[in-house]
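Take a look at the structure below.
All values reported here derive from a predicted model rather than from experimental measurement. Every heavy atom of this structure was used, including side-chain atoms; hydrogens, water molecules and symmetry mates were not.
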Amino acid sequence: MAFIADILLLAGALGAGFYCHILSRRLRRFTDLERGVGGAVAVLSAQVDDLAKSLEAAQTTASSSVGTLTEVSARAEKAARHLELLVASMHDLPAEEPAEMNPFYVRQPENTQ
């Protein structure tokens, strides 16, 4: 009886050893840096670094664009106020004089046939 128990114990140990060997090979392939999840993690890590750099560059560009837009908007508002003043001053001008009294008027020759 003890002999049968030893044989079953040995068979169980060999089965467990074989199972551990298979798991070890699968784990080694899983963590392989070129083809497994380790490689995917390494690639994703590099992409995250590149994305962080791109995001920082985009934030820098956006902040400089905001400054430029603010400056241009202020200049446009100033020009709009100036144009409003010019249009308001146009109401004070006398009525338009006839074309013949304008010194810059050039009379077109008449067709005589």
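For residues 56-67, there are no side chain to side chain donor-acceptor pair (under 3.5 Å) pairs, not counting sequence neighbours. Within the structure, the side chain to side chain donor-acceptor pair (under 3.5 Å) test picks out the following pairs touching residues 11-27 (sequence neighbours left out): Ser24-Arg28. For residues 71-83, no pair satisfies side chain to side chain donor-acceptor pair (under 3.5 Å), with sequence neighbours left out.
Evaluated for a side chain to side chain contact (heavy atoms under 4.5 Å, CB included) with Gln47, the options Leu51, Asp49, Val43 yield exactly one hit, Val43.
Counting Ile, Leu, Val, Met, Phe, Trp and Tyr side chains that sit under 4.5 Å apart, directly or through other members, Leu44 stands alone, with no cluster partners. Cluster note: Phe3 groups with Ile7 through ILVMFWY side-chain heavy atoms spaced under 4.5 Å, whether in direct contact or through intervening members. Applying the under-4.5 Å side-chain rule to Ile, Leu, Val, Met, Phe, Trp and Tyr, the cluster around Leu14 extends to Leu10.
Heavy atoms from other residues, nucleotides or ligands lying under 6.0 Å from CG of Leu86 number more than 12.
A distance-only check finds no donor-acceptor pair linking the side chain of Ser45 to the backbone of Ala42 [under 3.5 Å].
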